[in-house]
Each structure stands twice: as C-alpha cells, then as structure tokens.
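Predicted model, so just to flag it, every value in this text is computed and none were measured.
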Amino acid sequence: MAIIKLPIDESLPAYVNESIVTLEELVRSDHFSAFEKLARLSKGEILVLKILLLQGGTTTPTEISKAMNSTKGRVSAVLNALEKKGEVTRAIDKDNRRNIIVTLTDSGREHVMNELQSGYRTMTHIFEELGEQDSAEFIRMLTKVFKLMNETD
C-alpha cells in the first residue's frame with residue numbers, strides 16, 4: 001500500500017507546513033486521547049449530566065438545550081440514551097403538563113462526578129507541571145487558536 005502525502009503549499013513559510021505535519025501526527029497519536037478525554041466533559045451525555053448537576057439535579061429539556069447551545073432534537077437523543085442507562089428520568093411536570101422535568105438519578109450523579117473528578121485531576125496535573133507562567137501562556141494560545149479556528153468556519 002502506497003503512503004499518500006498531503007500536498008504541501010510551497011508558497012507558505014516552512015514553519016507553517018512543518019507545524020501542520022506535527023499537529024496531524026499529534027492528533028493521530030495516543031497523546032491525543034487524553035485531550036479527547038477532557039473535551040468529553042463539554043460534550044454530549046457528560047455535558048447534559050453536568051448541566052443537571054449544576055441545576056440541582058432537575059431541569060427541563062429546553063433549559064438543557066439552551067445551556068448546551070444545541071437543538072431540542074439533539075438533547076432529546078442524548079436524554080433517550082441517558083434514560084436507557086438509568087442516569088436520568090423524565091416525567092411530566094405536575095404544575096404544567098406541557099413541560100417535561102428531567103431528573104438526575106443517583107447513578108447519573110455518580111457517573112458525572114467520577115468523570116468530572118477524573119478530568120479535574122488531569123487538568124490539575126497539567127497545570128501544576130506547566131507552572132503558572134506556562135499555564136497562562138497555554139490558555140492564551142489555546143484561546144487564540146479557538147478564535148482563529150472559528151474565523152475560518
């Protein structure tokens with residue numbers, strides 16, 4: 001099987017092409033799985049559980065949708081999966097039968113707390129190893145990268 005090389009734009013400075021290659025290698029490496037682990041705290045099921053936890057254990061699908069900046073359909077799909085796992089329950093609001101109340105179960109609370117604690121331990125380790133100056137620089141650069149990525153969408 002032939003190895004396909006991505007096209008390199010020779011008109012760009014060498015550091016740009018070298019950085020792209022290095023970034024692609026990092027994303028394909030085992031090291032990236034740690035980053036994905038942290039990113040998971042802000043997506044999908046874990047995010048819904050986290051929102052419920054921060055809302056005191058109960059809220060509505062509409063409020064979850066707003067907090068996630070996501071569609072009601074996406075929230076419904078996530079809630080279906082979490083309900084099947086026994087991590088949330090849904091019930092009709094007794095005060096307003098048009099509303100659904102979503103409640104975090106003990107199992108869901110335990111799951112989200114374990115995930116959050118694991119993520120925070122990882123972040124604590126990273127920032128302690130980087131030190132104050134490098135941590136601030138890392139956050140500054142990451143913020144800039146995310147901003148630049150949004151500009152190209």
Pair up each side-chain donor or acceptor in residues 100-109 with any protein partner under 3.5 Å, not counting sequence neighbours, and list the distances.
from   : atom 1 : to     : atom 2 : distance (Å)
Thr105 : OG1    : Gly86  : O      : 2.6
Thr105 : OG1    : Glu87  : O      : 3.1
Thr105 : OG1    : Ser107 : N      : 3.4
Thr105 : OG1    : Gly108 : N      : 3.1

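- Taking Ser11 as the reference, Asp9 meet the side-chain hydrogen bond (donor to acceptor under 3.5 Å, both in side chains) condition, with sequence neighbours excluded.
- Leu148 and Met141 fall into different hydrophobic clusters, where Ile, Leu, Val, Met, Phe, Trp and Tyr are joined by side-chain heavy atoms under 4.5 Å apart, directly or via other members.
- Residues Met113 and Leu47 share a hydrophobic cluster, clusters being chains of Ile/Leu/Val/Met/Phe/Trp/Tyr side chains in contact below 4.5 Å.
- Using a 4.5 Å cut-off on side-chain heavy atoms (C-beta onward), Val48 and Leu82 make contact.
- Using a 4.5 Å heavy-atom threshold, the side chains of Tyr120 and Gln117 count as separate.
- Sorted by first and then second residue, the salt bridge (charged side-chain N to carboxylate O under 4.0 Å, His left out) pairs involving residues 89-105 (not counting sequence neighbours) are Glu83-Arg90.
- The salt bridge (charged side-chain N to carboxylate O under 4.0 Å, His left out) contacts involving residues 127-148 comprise Glu137-Arg140, where partners must be two or more places apart or lie in separate chains.
- Lys50 and Val112 get closest at one heavy-atom pair: N-CG2, 3.6 Å.
- Listed by chain and residue number, Phe127, Leu130, Leu142 satisfy the side chain to side chain contact (heavy atoms under 4.5 Å, CB included) test with Phe138 (two or more places apart in sequence, or in another chain).
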Can you give the donor-acceptor pairs under 3.5 Å from side chains of residues 51-78 to other protein atoms, not counting sequence neighbours?
from  : atom 1 : to    : atom 2 : distance (Å)
Thr60 : OG1    : Glu63 : N      : 3.1
Ser65 : OG     : Ser70 : O      : 2.5
Thr71 : OG1    : Arg74 : N      : 3.0

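- Taking Gln133 as the reference, nothing meets the side chain to side chain contact (heavy atoms under 4.5 Å, CB included) condition, with sequence neighbours excluded.
- Using a 4.5 Å heavy-atom cutoff, the side chains of Glu45 and Lys85 are in contact.
- The distance from the CG atom of Leu49 to the CG atom of Asn114 is 11.5 Å, given to the nearest 0.5 Å.
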